[in-house]
Amino acid sequence: MPTLTLHNTLSGRKETFNPVDPERITLYVCGPTVYNYVHIGNARPVVAFDVLFRLLKRLYPNVVYARNITDIDDKIIQAAEENDEPITALTQRFTVAFEQDMAALNAQPPTITPHATDHVDDMVAMIRTLVEKQHAYAAEGHVLFDVQSMPEYGRLSKRSLDDMLAGARVEVAPYKKYAGDFVLWKPSTDEQPGWDSPWGRGRPGWHIECSAMIARHLGPLIDIHGGGQDLIFPHHENEIAQGCCAHGTDYVRYWMHNGYINIDGEKMSKSLGNFRLVRELLKHYPGEVLRFALLSAHYRSPLNFSEELLQHARATLDSLYYALLGRGAQIEPEPGYTLPDDHPVNLALCDDLNTPEAISELHRIAAQLNKAGDADKPRLKAELLAAAGLLGLLTQTPSAWFQQGGGSDALDSAAIDALIEERSAAKKGRDFSRADAIREQLERAGIVLEDTREGTRWSRRPANTD
RNA sequence: GGCGCGGUGGCAGAGUGGUUAUGCAGCGGACUGCAACUCCGUAUACGCCGGUUCGAUUCCGACCCGCGCCUCCA
């Protein structure tokens with residue numbers, strides 16, 4: 001079995017992965033707050049950690065992957081108010097939308113999808129423990145975590161308390177003992193959603209849900225916790241504080257954080273308003289193109305998101321699907337093929353998810369397949385499919401890939417086939433001007449023809465490819 | 001101000017103490033009725049200055065530039 005190395009934010013370097021229990025690998029990734037459709041930046045961790053999930057399942061017999069749904073939050077309350085809609089209707093709507101969007105990106109569902117509102121009791125219990133252990137205190141209906149009670153606080157984000165407060169831009173609430181203390185529980189007004197607690201009716205702070213749900217479903221100490229770099233501080237730092245202080249143990253062995261998606265060199269974010277919704281992008285590009293684009297750079301690097309990136313991703317997938325399609329008779333992949341452990345794609349992914357390296361290996365296999373004699377093609381096709389499958393790519397049949405799309409006004413395949421037949425007859429009679437006229441006619445409708453030894457085949461070219 | 005990350009050929013993007021990343025685009029060929037696909041060949045690189053070394057894009061130090069975080073954010 002190849003060695004899996006992962007970049008750990010705690011140490012700032014790649015480390016060999018040593019699980020707490022090889023019989024039960026535990027992975028947690030921060031999921032969405034469901035008050036809107038998700039943007040492509042939200043999709044990056046989902047796709048990156050989906051590759052990790054697939055890889056871990058290859059390496060270990062039992063992998064438990066949890067990704068939460070944050071369905072209680074002040075932004076949700078505000079959005080529901082603006083829509084004049086019950087909170088649960090709003091959160092259910094966007095939870096379903098999120099799951100649809102991620103499925104379109106070929107991301108496998110996690111093993112567990114815990115919802116924050118199903119775990120308020122767990123959160124209250126955990127907060128109570130923190131108060132008992134004197135890591136938290138109640139003040140004016142709030143409960144706050146006392147960061148000064150934890151000497152290690154700041155270890156993940158590599159900051160001292162003094163450094164953090166030096167640049168603080170936020171007003172300090174009067175009920176805080178110390179400016180860096182963060183909210184575990186806050187009071188609700190009668191209009192706001194709330195739950196009963198020892199500190200009165202209220203609702204949880206943002207960070208406590210992940211700690212409580214991890215403890216409930218995965219245990220006090222887990223193997224891997226992932227998310228975007230912007231969660232390192234404060235969210236994950238505070239999770240560590242809650243988890244370590246409540247359980248008296250370590251919290252997470254390996255912290256993994258993906259880089260940002262940029263637009264024109266600037267971070268894409270909800271607050272800057274320069275985001276691209278996955279749902280919108282899916283109207284113009286197949287989900288696999290978005291997935292490929294997200295995997296074309298290493299997960300920790302910034303990724304500049306642009307039309308050009310997506311066009312390139314589509315063209316590259318075209319070329320890989322061409323290799324699967326072949327140029328003559330259809331090739332059946334060798335049955336029962338399994339990717340060897342020392343396969344370059346497997347090794348690339350085991351090296352901290354080096355997806356660009358893995359993709360370059362896909363090109364190498366595709367080139368071999370294009371050149372191979374008939375005897376070698378089934379094995380190479382099976383190899384390409386298995387290697388790409390580890391990345392969640394090339395999961396469609398080539399003809400489905402090339403013929404997908406086409407709006408309601410597009411030619412149906414029967415009409416296309418009829419024109420192709422007419423063109424073939426014209427070619428046979430050496431009437432090339434008629435044959436070319438049909439090629440041009442179809443081209444205007446977004447259909448590209450290719451002549452092969454086995455006959456003519458067609459594919460849809462998106463109108464926005466220029 | 002504090003802390004962190006990064007600067008690779010026209011573009012995207014890996015990697016390495018000494019021999020080709022890879023893809024796209026370019027150039028030259030082969031194939032093709034036209035085309036597409038494919039194949040063969042080919043040019044272009046490691047921000048700047050020092051240091052260590054037989055040898056540095058790769059290690060160390062300074063500098064320049066860009067980006068991010070410092071309690072909304074994937």
Q404(A) and S399(A): side-chain contact (heavy atoms from CB on, under 4.5 Å), yes or no, with the steps?
CA-CA 8 Å; Q404(A) 69 191 332; S399(A) 57; over 6 Å; no
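In a base pair of the Watson-Crick type (N1 to N3 plus N6-O4 or O6-N4) or a G-U wobble (N1-O2 and O6-N3), with each distance short of 3.5 Å, G4(B) is matched with C67(B). Across all strands shown, the partner of C49(B) is G61(B), judged by Watson-Crick or G-U wobble contacts whose two distances both fall under 3.5 Å. When Watson-Crick and G-U wobble pairs are counted only if both distances are under 3.5 Å, C24(B) pairs with G10(B). Nucleotide A30(B) forms a Watson-Crick or G-U wobble pair with U38(B), both donor-acceptor distances falling under 3.5 Å.
The separation between E361(A) atom CD and A21(B) atom P is 15 Å, rounded to whole Å. In this structure, the CZ atom of R300(A) is 10 Å from the P atom of A14(B), given to the nearest Å. Between N354(A) atom CG and A14(B) atom C1' there is a gap of 6 Å when expressed in whole angstrom units. The nearest whole Å value for the distance from the CD atom in E440(A) to the C1' atom in C34(B) is 10 Å. Atom CZ in F292(A) sits roughly 15 Å away from atom P in U22(B) (whole-Å rounding).
Atoms CZ and OG1, from R457(A) and T452(A) in turn, are 5.5 Å apart once rounded to the nearest 0.5 Å. Distance check, rounded to the nearest 0.5 Å: CH2 of W206(A) to CD of E239(A) gives 8.5 Å.
Closest approach to the Y260(A) side chain among A14(B), A74(B), U71(B) is made by A74(B) (side chain taken as heavy atoms from C-beta onward). Of the listed nucleotides (G33(B), A74(B), C37(B)), C37(B) has the atom at the smallest distance from the side chain of Y322(A). Here U71(B) is the nucleotide among C37(B), G23(B), U71(B) with the atom lying nearest to any side-chain atom of P234(A). Comparing U38(B), C69(B), C34(B) by their closest approach to the side chain of R159(A) singles out C69(B). Comparing C40(B), C72(B), G13(B) against the side chain of L303(A) picks out G13(B) as the nearest. Closest to the R423(A) side chain, of the nucleotides G33(B), C72(B), U38(B), is G33(B). Listed nucleotides U71(B), A74(B), C37(B) differ in distance to E450(A); the shortest reach to its side chain belongs to C37(B). In this structure, of A21(B), C34(B), C69(B), it is C69(B) that holds the atom nearest to the side chain of K267(A). When distances are taken from the side chain of A435(A) to each of A74(B), G33(B), U22(B), the shortest belongs to G33(B). Checked against C3(B), C73(B), G33(B), the side chain of D436(A) finds its nearest nucleotide in G33(B).
Backbone-only engagement by A297(A) is indicated by non-hydrogen atom pairs under 4.0 Å involving sugar-phosphate atoms exclusively. Residue contacts shown for S296(A) are limited to sugar-phosphate atoms, with no base heavy atom under 4.0 Å away. K427(A) comes within contact range of at least one nucleobase, with a heavy-atom separation under 4.0 Å. Heavy atoms of H363(A) sit under 4.0 angstrom from primed sugar atoms or phosphate atoms, though from no base atom. Within the nucleic acid shown, I261(A) comes within 4.0 Å of at least one base atom, counting heavy atoms only. As judged by a 4.0 angstrom heavy-atom cut-off over every strand, R364(A) is placed among residues touching the sugar-phosphate backbone only. Among the atoms of the strands shown, base atoms are found under 4.0 Å from some heavy atom of N258(A). Among the protein residues, S269(A) comes within range of the nucleic acid bases, having at least one heavy atom under 4.0 Å from a base atom.
The same atom, C1', is picked in U44(B) and in A21(B); the two are 15 Å apart, to the nearest Å. G9(B) and C69(B): their P atoms are spaced 26 Å apart (whole Å). Separation of the P atoms belonging to U58(B) and A25(B) is 32 Å when rounded to the nearest angstrom. Atom name P, nucleotides G55(B) and A14(B): the rounded distance is 31 Å, in whole Å. With both ends at atom C1', the span from G26(B) to G10(B) equals 8 Å, rounded to whole Å. Using C1' as the reference atom, G6(B) and G13(B) are 14 Å apart when rounded to the nearest Å. For the C1' atom pair drawn from G51(B) and G17(B), the interatomic distance equals 15 Å after rounding to whole Å. Between A56(B) and G18(B), the distance separating the two C1' atoms is 9 Å to the nearest Å.
Residue N42(A) has a polar side-chain atom (N or O) positioned under 4.0 Å from OP1 or OP2 of A74(B). The side chain of S157(A) contributes no N or O atom lying less than 4.0 Å from OP1 or OP2 of G2(B). Residue K270(A) places at least one side-chain N or O under 4.0 Å from the OP1 or OP2 atom of A74(B).
Between the side chain of D451(A) and the base of C34(B), at least one donor-acceptor pair of N or O atoms lies under 3.5 Å. Between the base of A74(B) and the side chain of R44(A) there is no donor-acceptor pair shorter than 3.5 Å.
No donor-acceptor contact under 3.5 angstrom links the side chains of H257(A) and H7(A), judged on distance only. Checking D318(A) against W401(A) by side-chain atom types alone, a donor-acceptor pair falls below 3.5 Å. Side-chain contact, D223(A) with Y28(A): no donor N or O sits under 3.5 Å from an acceptor N or O.
With K377(A) contributing its side chain and I331(A) its backbone, the two residues share no donor-acceptor pair below 3.5 Å.
Ion pair D50(A)/R54(A) flagged as a salt bridge, since at least one NZ, NE, NH1 or NH2 atom sits closer than 4.0 Å to an Asp/Glu carboxylate oxygen.
Map Y153(A) and H39(A) each onto its nearest nucleotide of RNA chain B; the residue landing nearer the 5' end is Y153(A).
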